[in-house]
Amino acid sequence: MFFTSTRSKCNIQSAAAIAKGLADDGGLFVPESFPAFSASDIERMIDMDYKGRAVEVLSKYLTDFTAEEITRCVNAAYTGKFDNEEPAPLVEVAPGMNLLELWHGPTCAFKDMALQLLPHLLTASVAKTSNGRTTVILVATSGDTGKAALDGFADVEGTKIIVFYPQNGVSAMQKLQMTTQQGKNVAVCAINGNFDNAQTGVKNIFSDKNMAAKLDAKAMDFSSANSINFGRLVPQIVYYVSSYCDLIKSGRLAPGKEFNVVVPTGNFGNILAAVYAKKMGIPIKKFICASNRNNILTDFINTGVYDRNREFYTTTSPSMDILISSNLERLLYLLFDCDCNAVAKLMDELKTSGKYTIPADKLAALRQEFYGNCATDDEAGNAIKELFGKYNYLCDTHTAVAVSVYNKYLAETKDDTPCVIASTASPYKFSPAVLSALGENTASNNEFEIVEKLSKVTSTAIPTPLAGLADKKVLHTTCVEKENMADFICNFLNV
Ligand SMILES: *Cc1c(COP(=O)(O)O)cnc(C)c1O
């Protein structure tokens, strides 16, 4: 199995792609071709647990890893770290409407599905490619990636991790999760700016030759734990494959029959993993791409114009407050039949003018498989209330965006194909917004009072990792201007 860049031809194996994170030309690593599951592969996987299925999926891509290495990584990631025996349960909320709960990990958001595994894949990859060097993980986060990466990489031998988050762009709970992080190899820094500023800052530092030289002198290399890293993507394919197996196993779907997926989308990593699952033979009919008020993807899917020259809004679903969806580049690569020059040109246009347009035939091909729509904070709030009122099921604000968009899709198309909705966070990560959606008073300046109240009102349990935060000490308080991110890094690394 070989990987190439979305922007120019190259030829490397998975360990090098994971260790590097981003290609030298600024593009993203993509598989040269897709391995597929046969009907008998699927039949075997139906009887496996999540870890068994994960080994099957990973083995198809990480062909430069031994079977023992893959099994060791998967066991380390998913044993004892999740509050559920099955890390990604598929809950049938109503007939044909299944919520794929991806938030049973240590940080209560779907990022754990990949970021509990990535540190193991990455250290194994680095050992294969550049033994003895230290990997410095740089992360820009809209809230959930930061904590999940910190949790995954804290005190992992041979790594250091630096996380940047937008000072006013994450929930109180998300901020506390990050600022209380322990570990001798971790740094956490707020920036005066939004997520896109943080992400652009990190991308610039990645391609800064001067910084690379400084690190090299100390036997260090940068890598990424953002979803641009293929090592983040491959674990996400697993849960779509696994949900298909669970649908069949529970009799909710006949083998070979199609289902739709609905994904609350920000950086386009989660929904892209569903596209990759389909490429591997999982019968997904429509990819329903749900956005909040930052609806740049809705516009793109409906018009073929990607235009980031627009206002940026902060919403009650902060992990989707994004205007540059990095992983869309990987979809474009597929849409343009692996034409890296075409992709490089579009990305160049995006960089210089903040905008690009795809031709009509490509748009038609995109719309064949994709449906895009968006939900306001109020619409998401109504979805929370309705889901709880009708089905006694409590969901978070991001999942609510997906539910709301799914309802719009149903009303427009009458397509009653069974669906899997990605449920991406515990409602307790966004307690004030969830409680307010239920019509309760949220006047309190203590986040934990609101958490307690949510638990009382809904008779649901507070996840242990969040309850424990109340007693933790804040350890990270630095906030820098976005121009000064590099200085913060040099200071922490002592380079
Ligand atoms: C990151 C995140 C998303 C968006 O996922 P992408 O892969 O960036 O599209 C949605 N919901 C939650 C809770 C998240 O943490």
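Just so it is clear, the structure is predicted and the values come from calculations on it, not from any experiment.
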May I ask you to decide if the ring planes of Tyr78 and Tyr50 are parallel, tilted or perpendicular, using 30° and 60° as cut-offs?
-> perpendicular
What about the rings of Phe29 and Phe230, do their centers lie closer together than 6.0 Å?
-> no
So do the side chains of Ile137 and Ile162 get within less than 4.5 Å of each other, counting heavy atoms only?
-> no
Are side-chain N/O atoms of Gln174 and Ser319 paired as donor and acceptor at under 3.5 Å?
-> yes
Asn292 side chain to Ser317 side chain, donor-acceptor N/O pair below 3.5 angstrom | yes
Side-chain heavy atoms of Glu56 within contact of Met48, under 4.5 Å | yes
Contacts under 3.5 angstrom, residues 482-495 side chains, donor-acceptor by atom type, not counting sequence neighbours:
none

Contacts of type side-chain hydrogen bond (donor to acceptor under 3.5 Å, both in side chains), residue Glu481, not counting sequence neighbours | Asn192
Contacts satisfying side chain to side chain donor-acceptor pair (under 3.5 Å) that involve residues 223-232 (not counting sequence neighbours) are Ser227-Asn327
Determine, for Phe448 and Lys453, whether the Lys NZ or Arg CZ falls below 6.0 Å from the six-membered ring centre while staying within 45 degrees of the axis.
-> no
Can you name the residues that form a side chain to side chain contact (heavy atoms under 4.5 Å, CB included) with Thr123, not counting sequence neighbours?
-> Val156, Thr159
Set of side chain to side chain contact (heavy atoms under 4.5 Å, CB included) partners for Asn204, sequence neighbours left out = Thr200
Just do the side chain to side chain contact (heavy atoms under 4.5 Å, CB included) check on Cys419 and Ile421 with the steps written out, would you?
-> CA-CA 6 Å; Cys419 83; Ile421 301 177; 3.8 Å; yes
For Tyr393, ring pair (Phe, Tyr, Trp, His ring centres under 6.0 Å) partners two or more places apart = none
Atom NZ of Lys385 with >12 non-hydrogen neighbours under 6.0 angstrom | no
Examine the side chains of Asn194 and Tyr313 and answer whether a donor and an acceptor come within less than 3.5 Å of each other.
-> no
Only counting residues at least two apart or in another chain, list the ones meeting side chain to side chain contact (heavy atoms under 4.5 Å, CB included) with Asp216.
-> Arg133
Partner residues of Asp155 under the side chain to side chain contact (heavy atoms under 4.5 Å, CB included) criterion, sequence neighbours left out = Lys184, Asn185
List for me each residue that meets side-chain hydrogen bond (donor to acceptor under 3.5 Å, both in side chains) alongside Arg252, sequence neighbours excluded, and say none if there are none.
-> Asn98, Ser250
Residues Glu379 and Ser404: side-chain donor-acceptor under 3.5 angstrom = no
With Asn407 via side-chain hydrogen bond (donor to acceptor under 3.5 Å, both in side chains) - residues at least two apart | none
Distance-only polar pair, side chains of Asp221 and Thr135, donor-acceptor under 3.5 Å | no
Looking only at side chains, do Tyr239 and Asn270 share a donor and an acceptor under 3.5 Å apart?
-> yes
Extract all donor-acceptor atom pairs below 3.5 Å that involve side chains of residues 105-116 and protein atoms in other chains or at least two apart in sequence.
from, atom 1, to, atom 2, distance (Å)
Thr107, OG1, Asp112, OD1, 3.0
Thr107, OG1, Asp112, OD2, 3.0
Asp112, OD2, Thr107, N, 2.7
Asp112, OD2, Cys108, N, 3.3
Gln116, OE1, Lys81, NZ, 3.1
Gln116, NE2, Asp151, OD1, 3.0

Would you please say whether a donor-acceptor pair under 3.5 Å links the side chains of Ser326 and Lys203?
-> yes
Does some side-chain heavy atom of Lys128 sit less than 4.5 Å from a side-chain heavy atom of Phe65?
-> yes
With Tyr306, which residues qualify under side-chain hydrogen bond (donor to acceptor under 3.5 Å, both in side chains), at least two apart?
-> none
Give a yes-or-no answer on whether the side chains of Thr399 and Asp396 include a donor-acceptor pair shorter than 3.5 Å.
-> yes
Scan side-chain atoms only and decide if Ser325 and Asn267 contain a donor-acceptor pair under the 3.5 Å cut-off.
-> no
Any idea which heavy atoms bring Pro318 and Val170 closest together, and the distance?
-> CB-CA, 4.5 Å
Modelled atom types, side-chain donor and acceptor of Lys472 and Gln181, under 3.5 Å | no
